[in-house]
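The structure appears below as structure tokens.
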There are 2 protein chains.
Amino acid sequence: MEAVTIKDVAALAGVSVGTASRVLSGNPATSADARDRVAAAVAELDYQPNAQARALRSTRSNALGLLVPDVRNPFFADLAHAAEQAALSAGYVTLLGNANERNDQQDRYLDTLISRRVDGVIVAPVGDDLGRLRALIEREVPTVLVDRTVPGLDLPSVTTDSESGIRQAVQHLADLGHTRIGYISGPQATSTGRDRFAAFTRAVAEAGLSQDPELVYFGDYQAASGSAGVHALMQLASPPTALLAADSLMAVGAISILHRLGMRIGTDIALVAFDDIEWFALLNPALSVIAHSVEDMGRIAVDLLLQVIAGETPESVVLPSELIVRASSATPITGTAPATPEQRSQ
Amino acid sequence: MEAVTIKDVAALAGVSVGTASRVLSGNPATSADARDRVAAAVAELDYQPNAQARALRSTRSNALGLLVPDVRNPFFADLAHAAEQAALSAGYVTLLGNANERNDQQDRYLDTLISRRVDGVIVAPVGDDLGRLRALIEREVPTVLVDRTVPGLDLPSVTTDSESGIRQAVQHLADLGHTRIGYISGPQATSTGRDRFAAFTRAVAEAGLSQDPELVYFGDYQAASGSAGVHALMQLASPPTALLAADSLMAVGAISILHRLGMRIGTDIALVAFDDIEWFALLNPALSVIAHSVEDMGRIAVDLLLQVIAGETPESVVLPSELIVRASSATPITGTAPATPEQRSQ
DNA sequence: GGATCCTGTGGAATCGTTTCCATGGAATCG
DNA sequence: CGATTCCATGGAAACGATTCCACAGGATCC
């Protein structure tokens, strides 16, 4: 490539490298004259400092690592966007890693991030497997967990309180007359999978609905398992009249197979999904969701991480969730009339 | 943090730093004995080489930069995923930058990537503004353009041949009896915006349909402009009976407002969108799309970039596009009966 | 058996910065 | 006016790796 270094700048400006460096890093011990001449030389040469050398010497890289289970999942895409923007405005660039919901890829990326000496890491862990997460702790790399936590890892985190949203959803379905709610659960090897399942179990018991264990299908947060879940639940001798999916991708799978089975969502069966994805409102009927703010989650995660980097030990943050009722769950179980204009035939 | 360096490894293994380095980088000039002892020391200390120091000396960072206009756009999220996976399997990590459809953020990220001395950059440029793209050229940073090109920038690229897909779509709509097709165009400051508009214009002329300039609305690839476009087109004295949206986000905006206007997609108005997004098939009615393979695009972009890095000058690649007909455009203009089961009322 | 060739190794230079230390000159003080 | 302080500066060490160079010792050649 090329090779314009601080030495060239110093030479052109007629000062020493030390002085050039001081000017460039805003050290106050510089004369106006030196500042001007260095600035002119930088502009003339279009000098860009070598971040590697700078990081090597100063042991700060001004880079953050962000590790998500799957970028194609719109929830994590939004999270990545929110975190990246927050990091950028704090002067950090973001190294985005994608674990592909696999522990080995997560570990590989963690090693890469350690090697690159990022100043901190935000992780939405794939599962409960610690793996190379231990290495982060041992090296005291500032780390924050987001969306999911891991048992045995005592780190600051930003998570969602699933309880409130799920309770609202179950109560809402109960009010519509549903007594058998099918639950398409996330994997029990993730904290969100466990939390949401526990919340569902409690809410169903409180509302006095059927606690038939057959009404629960354990998926893996991928679209295909949503389809499989619907398939299994609909084959029961006494199938559910309402469905609750624990994340957006499984909801997508559920919708897909319900279409194929010829079941009308909102009329033949009610459907509520966890995660508020923008275009869920565009579906026909529009999908009821349990919403939580992914923008807040990303922003706060960066915020906590910056605090950890600064040597503080911030408290974990738990964000609220809340039910948004749309046409997919607006019809009482006895009725068949559309409840909203969006729900009518196209 | 901590401080386990190659010096510690060498000391523990009882060899010199040079030998330790040779073992670690797979240099054949090492004895089996040295290899074993270094390996043991590495395991014992859980040593991770400092990527900065390595990059500083060897002038290779094993990192690629990927700059997209908007990660939340599912097309670019998929592209990022595909490119990232391809890069990973070639031994590169990916630094993902998000320009937010803004030239200043694009320039800022380009400077960051130059500073970090990435080995190469894949850019889906925001618009025609060269900005800091010039700096990439001047420094001879290996660069590949993806999805969009920029006039005056002679770089290898991977793009889509919009012509074939758009021609198919227009012909398909003509076959259904439509004579006035509304076109929601991308911005003319992007190559895709221009290409697709030109293709549409040609296709309409060839099919003998209305070339009324009022049937074209110029949007900006964001959802809001899709809504605005529908709004404008539907106010015409003689509104279109079919719509073609030049990207997925504008299609989302169009669908949203069509719902609000009470127009039934597929019956009252036909709709076709550029970009095949997975969940477009889940809409009711399912959306007809002009599909092109984003996985191929990401993979090939990395491939071309690796060739450029290797000193070759690869040819640009143009990928095909093709129409996928679904229910949103399956009804002849005179009929009102559903053409597919998916299209019936829910 | 002496010259030549490998092979593995240690030591040192190097990459491009930051930062410490010493210095020289100007400014300030009594 | 001599001594102290301050400020801007140049020079050099350091960060943690890679890589060049020299060299020792064993194998190979004529």
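No experiment lies behind these values; they were computed from the predicted model shown.
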Nearest-nucleotide 5' precedence on DNA chain C, T30(B) against P49(A): T30(B)

Only Watson-Crick and G-U wobble pairs with both distances less than 3.5 Å should count. Give DNA chain C in dot-bracket notation, marking inter-strand partners with |. ||||||||||||||||||||||||||||||

Checking all strands, does S21(A) fall into the base, sugar-phosphate, or nothing category for heavy-atom contacts under 4.0 angstrom? base

At under 4.0 Å between heavy atoms, what does A34(A) touch on the DNA or RNA strands: base, sugar-phosphate, or nothing? sugar-phosphate

So which protein N/O to nucleotides 11-15 of chain D N/O distances come out below 3.5 Å?
unit_1  : atom_1 : unit_2 : atom_2 : d
dA14(D) : N3     : R57(A) : NH1    : 2.9

With a 3.5 Å distance limit and no angle check, can you tell me whether D220(A) reaches the backbone of P187(A) through a side-chain donor-acceptor pair? no

Report yes or no: does T30(B) contribute a side-chain atom to a donor-acceptor pair with the main-chain N or O of G26(B) at less than 3.5 Å? no

With a cut-off of less than 4.0 Å, is there a side-chain N or O of S25(A) near OP1 or OP2 of dT17(C)? no

So does Y47(B) get a side-chain nitrogen or oxygen closer than 4.0 Å to the phosphate oxygens (OP1/OP2) of dG16(D)? no

Rounded to the Å, how far apart are [X] [atom1] and [N] [atom2]?
X: R116(B); N: dC15(C); atom1: CZ; atom2: C1'; answer: 17 Å
X: I6(A); N: dC15(C); atom1: CD1; atom2: C1'; answer: 14 Å
X: R117(B); N: dA17(D); atom1: CZ; atom2: P; answer: 20 Å
X: L45(B); N: dA17(D); atom1: CG; atom2: P; answer: 12 Å
X: N27(A); N: dT18(C); atom1: CG; atom2: C1'; answer: 10 Å
X: N62(A); N: dT17(C); atom1: CG; atom2: P; answer: 15 Å
X: L24(B); N: dT19(D); atom1: CG; atom2: C1'; answer: 14 Å
X: Q52(B); N: dT18(D); atom1: CD; atom2: P; answer: 13 Å

Do the side chains of T159(A) and L319(A) get nearer than 4.5 Å, heavy atoms only? no

Would you mind reporting whether V93(A) and L64(A) have side-chain heavy atoms less than 4.5 Å apart? no

Salt bridge present between [X] and [Y] (N-O < 4.0 angstrom):
X: D128(B); Y: R194(B); value: yes
X: D296(A); Y: R299(A); value: yes
X: R132(B); Y: D46(A); value: yes

Going by distance alone, is a donor N or O of one side chain under 3.5 Å from an acceptor N or O of the other, for T5(A) and Y47(A)? no

Where at least one partner belongs to residues 90-102 of chain A, residue pairs that pass salt bridge (charged side-chain N to carboxylate O under 4.0 Å, His left out), sequence neighbours excluded: E101(A)-R148(A), R102(A)-D104(A)

